[in-house]
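Okay, structure first, notes after.
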Number of protein chains: 2
Amino acid sequence: MSGKENSRERLIKTASRLFQLQGYHATGLNQITKESGAPKGSLYYHFPDGKEQLAIESVQLTTAFVSKQIEEGLNKSTDPIEAIQLFIKDMAERFERESCTVGIPIAAVALETSLISEPLRASCQSAYQKFQSAFTEKLIQSGYEEKHAMELGIVINSMIEGAFLISFTMGKSEPLLLVAKQIPSLLK
Amino acid sequence: MSGKENSRERLIKTASRLFQLQGYHATGLNQITKESGAPKGSLYYHFPDGKEQLAIESVQLTTAFVSKQIEEGLNKSTDPIEAIQLFIKDMAERFERESCTVGIPIAAVALETSLISEPLRASCQSAYQKFQSAFTEKLIQSGYEEKHAMELGIVINSMIEGAFLISFTMGKSEPLLLVAKQIPSLLK
DNA sequence: CTATATATAGACCAATTGGTATATTTTTTT
DNA sequence: AAAAAAATATACCAATTGGTCTATATATAG
């Protein structure tokens with residue numbers, strides 16, 4: 001029972017990376033199995049529901065990873081404005097450093113599958129809710145009124161996702177940095 | 001020379017709609033030809049470079065359409081805050097009304113193709129630049145200093161794109177509406 | 001050692017992909 | 001009306017898609 005989790009995990013990790021980078025439809029099962037080293041027989045043993053199941057679990061893995069990154073980033077300062085700005089700047093730096101190695105966490109899968117797979121759509125929704133609530137949590141801890149904090153969490157998450165998308169398309173991190181710059185105005 | 005432009009135009013319009021709704025890779029040329037009524041022979045006659053060329057021209061059509069919508073929306077009020085809020089609320093309403101008929105204008109194609117086709121990436125970049133400059137223009141006309149207006153244009157565009165993405169995934173327009181609500185804070 | 005899950009290996013499948021070739025029709029020009 | 005250009009119509013292609021199948025290892029028991 002040692003190689004078991006190993007192979008399954010490798011499949012999810014590879015799929016997770018490829019789905020983020022290339023999107024759902026552009027990523028073939030052949031590519032996933034080849035790059036992960038696992039054969040197709042194993043894929044359908046570990047993921048009987050095929051590509052959809054693999055994508056759902058990939059989204060979940062990405063969600064956990066990114067959520068942790070957000071929480072860690074936000075803990076770098078007690079001041080929420082500074083903390084959020086630091087986090088966004090970190091993302092921008094990481095984007096510059098490894099733009100061609102990593103895509104936008106959830107967006108591609110969300111856009112491609114929300115209309116064709118309800119379970120996948122729900123997974124992406126959960127991801128965004130988790131991201132939002134990390135920001136909201138930070139604001140509540142800093143004394144923001146709950147409803148206001150929830151609204152701001154949604155808006156901050158939207159801003160970051162949008163800036164990520166545009167930075168990705170433009171090939172430069174400027175939008176992310178400008179969003180960071182406007183955080184103080186937003187949080188008054 | 002009457003049927004000529006007609007067939008070409010039908011192909012682009014159909015492709016434009018399908019690419020926005022389903023994304024690049026999920027939209028097959030067979031589906032485009034079938035839904036547009038044009039045969040495959042015509043497709044490669046009008047678009048010798050195939051799917052990529054068709055997608056580029058589709059993005060350009062969408063860009064023109066959306067830009068016009070933004071400009072018209074922003075003209076509904078002289079006050080930039082009110083104008084931008086009105087535009088976003090219009091988008092939110094339209095989203096609620098026809099969410100399953102229309103996807104997010106450029107995002108899906110941008111995410112799916114930016115890393116695999118430089119010309120397509122450039123088309124999507126042009127689209128976003130055009131959207132941004134519409135907001136920037138409005139702010140400059142309202143007396144904002146140029147550099148500040150440019151930065152805000154980028155941020156506003158990012159916010160709207162991100163909110164669109166999340167609204168799409170969530171299946172509700174709340175993120176868009178909350179972004180609209182925060183516009184005054186952002187523009188001071 | 002045997003029996004039994006667990007897991008791997010990869011050949012195979014129908015369907016679809018983007019793209020090409022060629023023949024035919026329609027339209028325009030002379 | 002004849003010639004030329006523009007456009008349409010399909011049949012066809014190799015390659016790849018997601019997915020299934022059966023045989024074979026590789027463990028973990030008893």
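Bear in mind that the values here come from a model prediction, so they are computed numbers and not experimental data. A, B, ... follow the sequence lines: proteins, then strands. Residue 1 opens every chain.
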For this session: Quickly work out the Y45(A) OH to dT24(D) C1' distance and round it to whole Å.
Result: 15 Å

Exercise. Within the structure, does a side-chain N or O atom of S42(B) lie under 4.0 Å from either OP1 or OP2 of dA9(D)?
Worked result: no

Enumerate, atom names and distances included, each donor-acceptor pair closer than 3.5 Å involving a side-chain atom of residues 113-122 of chain A, sequence neighbours excluded.
residue	atom	partner	partner atom	Å
T113(A)	OG1	V109(A)	O	2.7
S114(A)	OG	A110(A)	O	2.6
S117(A)	OG	E52(A)	OE2	2.5
S117(A)	OG	L120(A)	N	3.2
E118(A)	OE1	R121(A)	NH1	2.8
E118(A)	OE2	R121(A)	NH1	2.5
R121(A)	NE	T169(B)	O	2.8
R121(A)	NH2	Q125(A)	OE1	2.6

Exercise. Quick one: does NZ or CZ of K51(B) land under 6.0 Å from the six-membered ring centre of Y24(B), within 45 degrees of the ring axis?
Worked result: yes

Problem set entry | R8(A) CZ to dT8(C) P, straight-line distance once rounded to whole Å | 11 Å

Exercise. So among Q22(A), E35(A), Q20(A), which one has a side chain to side chain donor-acceptor pair (under 3.5 Å) with T27(A)?
Worked result: Q22(A)

Exercise. CD1 of I32(A) versus P of dG19(D): gap in Å, rounded?
Worked result: 11 Å

For this session: Could you run through DNA chain C and flag its stems, i.e. three or more consecutive Watson-Crick or G-U pairs with both distances under 3.5 Å?
Result: C:4-27 with D:4-27

Problem set entry | Minimum side-chain heavy-atom gap R17(A)-S58(A) below 4.5 Å | no

Exercise. What string of B, S and - do you get for nucleotides 14-21 of chain C, 5' to 3', when a contact is any protein heavy atom under 4.0 Å?
Worked result: ---BBBB-

Exercise. Pairs in or reaching into residues 137-147 of chain B: which pass salt bridge (charged side-chain N to carboxylate O under 4.0 Å, His left out), with residues at least two apart or in two chains?
Worked result: K147(B)-E151(B)

Donor-acceptor pairs under 3.5 angstrom involving side-chain atoms of residues 87-97 of chain A: please list them, not counting sequence neighbours.
residue	atom	partner	partner atom	Å
D90(A)	OD2	K76(A)	NZ	2.8
R94(A)	NE	E98(A)	OE2	2.6
R94(A)	NH1	Q69(A)	OE1	3.2
E96(A)	OE2	S173(A)	N	3.3
E96(A)	OE2	S173(A)	OG	2.6

Exercise. For K172(A), which residues count as a salt bridge (Lys or Arg N to Asp or Glu O under 4.0 Å) partner, sequence neighbours excluded?
Worked result: E174(A)

Exercise. Taking CG from L11(B) and C1' from dA9(D), how many angstroms apart are they, rounded to a whole number?
Worked result: 14 Å

For this session: Report yes or no: is the cationic atom of R8(B) (NZ for Lys, CZ for Arg) under 6.0 Å from the centre of the six-membered ring of Y45(B), at an angle within 45° of the ring normal?
Result: no

Exercise. Under 4.0 Å between a side-chain N or O of H46(A) and OP1 or OP2 of dT8(C)?
Worked result: yes

